[in-house]
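One structure below.
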Amino acid sequence: PTPLITVVADDVAPPGRETAERLAGARVRVRWAPEAPVDGEATLVLADASRAPFATSRPAPGTPPSAEFVDEPRAAFAGVLVVRADGTSTTALVPIPPR
């Protein structure tokens, strides 16, 4: 089975379910299913062990936030950055399953 971590991220506004999944072919899939419409913009990210983002993907408006990234050795976390219409932002990260 494919290693998979799913976390309910209550600290994201609006809350949602984040998923980080290692795929064959050295890829990582990141998905975020918001529980309510996003009043702003969501960007999916990969981050290193210090939680510093190094790769991003911005889904097209109106599509479910999902992206695939190259599985770099430094990839330790995946998550979502939400920038709301009022300019405030929230980032939620989940650990990526071990190789």
Side-chain angles (χ1 to χ4, degrees):
T2 304
L4 175 69
I5 288 182
T6 301
V7 172
V8 176
D10 293 328
D11 56 339
V12 176
R17 183 176 300 277
E18 291 183 66
T19 306
E21 178 181 14
R22 289 197 190 273
L23 305 173
R27 309 284 296 166
V28 174
R29 179 183 298 136
V30 180
R31 288 184 273 200
W32 180 55
E35 292 178 1
V38 177
D39 180 25
E41 196 169 80
T43 301
L44 299 169
V45 301
L46 282 188
D48 61 20
S50 67
R51 298 177 184 248
F54 64 85
T56 62
S57 177
R58 187 168 298 145
T63 63
S66 178
E68 286 189 22
F69 298 95
V70 173
D71 187 6
E72 298 187 28
R74 64 182 169 158
F77 293 90
V80 61
L81 165 65
V82 177
V83 179
R84 290 178 286 291
D86 66 4
T88 59
S89 65
T90 304
T91 303
L93 298 172
V94 296
I96 296 174
R99 288 176 180 79

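Fair warning: this is a prediction, and the values are worked out from it, not measured in the lab. Positions are given from 1, in the same order as the sequence printed here.
- Across all non-hydrogen atoms, the minimal contact from Pro59 to Ser66 is CG-N, 4.2 Å.
- Clustering ILVMFWY residues whenever any of their side-chain heavy atoms sit less than 4.5 angstrom apart, transitively, puts Val80 in the very cluster that holds Phe54.
- Contact detail for Trp32 and Ala42: the closest heavy-atom pair is CZ3-CB, 3.8 Å.
- Residues satisfying the side chain to side chain contact (heavy atoms under 4.5 Å, CB included) test with Glu41, not counting sequence neighbours, are Arg58.
- The nearest pair of heavy atoms linking Arg27 to Glu68 is NH2-O, 3.4 Å.
- Residues Arg22 and Ile96 have side chains in contact (heavy-atom distance under 4.5 Å, counting atoms from C-beta outward).
- Looking at Glu72 and Val28, their side chains never come closer than 4.5 Å, going by heavy atoms from C-beta outward.
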Cut-off 3.5 Å, no hydrogens considered: what does the side-chain donor-acceptor table look like for residues 44-52, sequence neighbours left out?
{"residue": "Asp48", "atom": "OD1", "partner": "Ser50", "partner atom": "N", "Å": "3.0"}
{"residue": "Asp48", "atom": "OD1", "partner": "Ser50", "partner atom": "OG", "Å": "2.7"}
{"residue": "Asp48", "atom": "OD1", "partner": "Arg51", "partner atom": "N", "Å": "3.2"}
{"residue": "Asp48", "atom": "OD1", "partner": "Ala52", "partner atom": "N", "Å": "3.0"}

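- Here Leu81 is tied into one hydrophobic group with Val83, each link being a pair of ILVMFWY side chains closer than 4.5 Å.
- Here the CZ-OG1 distance, from Phe69 to Thr56, works out to 6.5 Å after rounding to the nearest 0.5 Å.
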